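Excluded from the calculations below are hydrogen atoms, water molecules and symmetry mates; all remaining heavy atoms, backbone and side chain alike, are included. Keep in mind that this is a model prediction, so the values were computed, not measured.
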There are 2 protein chains.
Amino acid sequence: MAGPKGSKYYDVFLKFKVWLENTEGESILGNGKFELIDYIDQLGSLKAAADKLGISYRKAWGMLKDAEEKLGFCLTEKHRGGQHGGNSVLTTEGKELIEAYKELLVEFDEAIYQITKKFFNKVNK
Amino acid sequence: MAGPKGSKYYDVFLKFKVWLENTEGESILGNGKFELIDYIDQLGSLKAAADKLGISYRKAWGMLKDAEEKLGFCLTEKHRGGQHGGNSVLTTEGKELIEAYKELLVEFDEAIYQITKKFFNKVNK
DNA sequence: AATCGTTATGTAGATATTTACATATAGAAA
DNA sequence: TTTCTATATGTAAATATCTACATAACGATT
């Protein structure tokens, strides 16, 4: 969101980000990983999700592994082998998590909208 | 904020971050720079602010320069020379910006509190 | 048993970011 | 005019991240 034209703050946007952290302050998963998990859910495999996001399988696999290790439980159930190579499906926990995250984003968007409106009203002349 | 003890999500916290971006998607200033600017305001010099934050003067100077370049106007008025070496004071714009940012944080904290409460209620068993 | 596509993982190289160190300059006050 | 200390800035080294490429294993289907 930007201020009115001609303002000092024109073309400046207020952005936000939400993510999960553990007690050590390490990031567990943020938007990128949530998106990946969501695509795994929609497309049925990590490979397909990686392709959809335009990132390498290697990278996507690393993201997923990192999130699961830090959480301490699996978000996906992986199957390998078979004519189609294998597939991945979300665990119950994984489904719950992305569902909650989606709802969270909706609420956040609403909050940010209200807050940024005030911010730019205050900051702009 | 964490879920109830014994929960799958115990020790997992929902965090957020806000910052200003320009149209190119470059970050202009976030919490670290705001904190620096706030300390300059309180302490009267970039050096003192850097010391307070436990970062090098060189680093603090780079942070400030970067923010001012990207904004296109100065947040501080710098004076060098004199028996005490010099000092820095915030411009009117600088003062306005950190004041607005502080108020913004208060509102964000409130919003995040409400949202995380719902999030963990939803996600925890 | 041969095939096929996905999961699984190591590693070297490239990039980006951060940190450390060094040095110059201004200018009021003594 | 000497001193003192904050502002000002370049640069090399150290870290951290990301990317690219390689290779192995698995197992249902044919």
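- Rounding to the nearest 0.5 Å places CD of A:Glu35 at 5.5 Å from CG of A:Leu53.
- With rounding to whole Å, B:Leu43 atom CG is found 11 Å from D:dT7 atom P.
- Distance CD/B:Glu77 to CD/B:Glu93: 10.5 Å, rounded to 0.5 Å.
- If you check every strand for non-hydrogen atoms under 4.0 Å, B:Ser88 touches sugar and phosphate atoms only.
- D:dA25 atom C1' lies 16 Å from atom NZ of A:Lys78, rounded to whole Å.
- Around the NZ atom of A:Lys78, the shell of radius 6.0 Å holds more than 12 heavy atoms that belong to other residues, nucleotides or ligands.
- To the nearest 0.5 Å, the span separating CG on A:Asn87 from CZ on A:Arg80 amounts to 13.0 Å.
- The separation between A:Asn87 atom CG and D:dA28 atom C1' is 11 Å, rounded to whole Å.
- In this structure, A:Lys65 and A:Gly86 both approach DNA chain C, and ranking their closest nucleotides by distance from the 5' end singles out A:Gly86.
- Of all nucleotides listed (C:dT6, C:dT9, D:dT7), C:dT9 comes nearest to the side chain of A:Trp61.
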Under 3.5 Å, side-chain donor or acceptor atoms of residues 36-44 of chain B against the rest of the protein: list the pairs with distances, not counting sequence neighbours.
unit_1	atom_1	unit_2	atom_2	d
B:Asp38	OD1	B:Lys102	NZ	3.1
B:Asp38	OD2	B:Gln42	NE2	3.3
B:Asp41	OD1	B:Lys95	NZ	3.0

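- Between the C1' atom of C:dT6 and the OH atom of A:Tyr39 lies a distance of 20 Å, rounded to the nearest Å.
- Although no hydrogens or angles enter the test, the distance criterion places no donor-acceptor pair under 3.5 Å between the side chain of A:Ser88 and the main chain of A:Thr76.
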**Study point:** Footprint string (nucleotides 21-30 of chain C, 5' to 3'): B base within contact, S backbone only, - free, heavy atoms under 4.0 Å
**Key:** B---BBBBSS
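- Distance, A:Asp51 CG to C:dG5 C1': 12 Å, rounded to whole Å.
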Close N or O pairs between protein and nucleotides 12-18 of chain D (under 3.5 Å):
none

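- Here the side chain of A:Glu68 pairs a donor or acceptor atom with the backbone of A:Leu75 at under 3.5 angstrom.
- Contact annotation: the side chain of B:Tyr101 never approaches that of B:Glu103 to less than 4.5 Å [non-hydrogen atoms, C-beta and beyond].
- Atom NZ of B:Lys52 is separated from atom P of D:dA6 by 15 Å (rounded to the nearest Å).
- For B:Leu64 and D:dA8, the CG to C1' distance is 12 Å, given to the nearest whole Å.
- C:dA8 atom P lies 10 Å from atom NE2 of A:His79, rounded to whole Å.
- Note: A:Phe16 and A:Phe108 meet the aromatic proximity criterion, with ring centroids under 6.0 Å apart.
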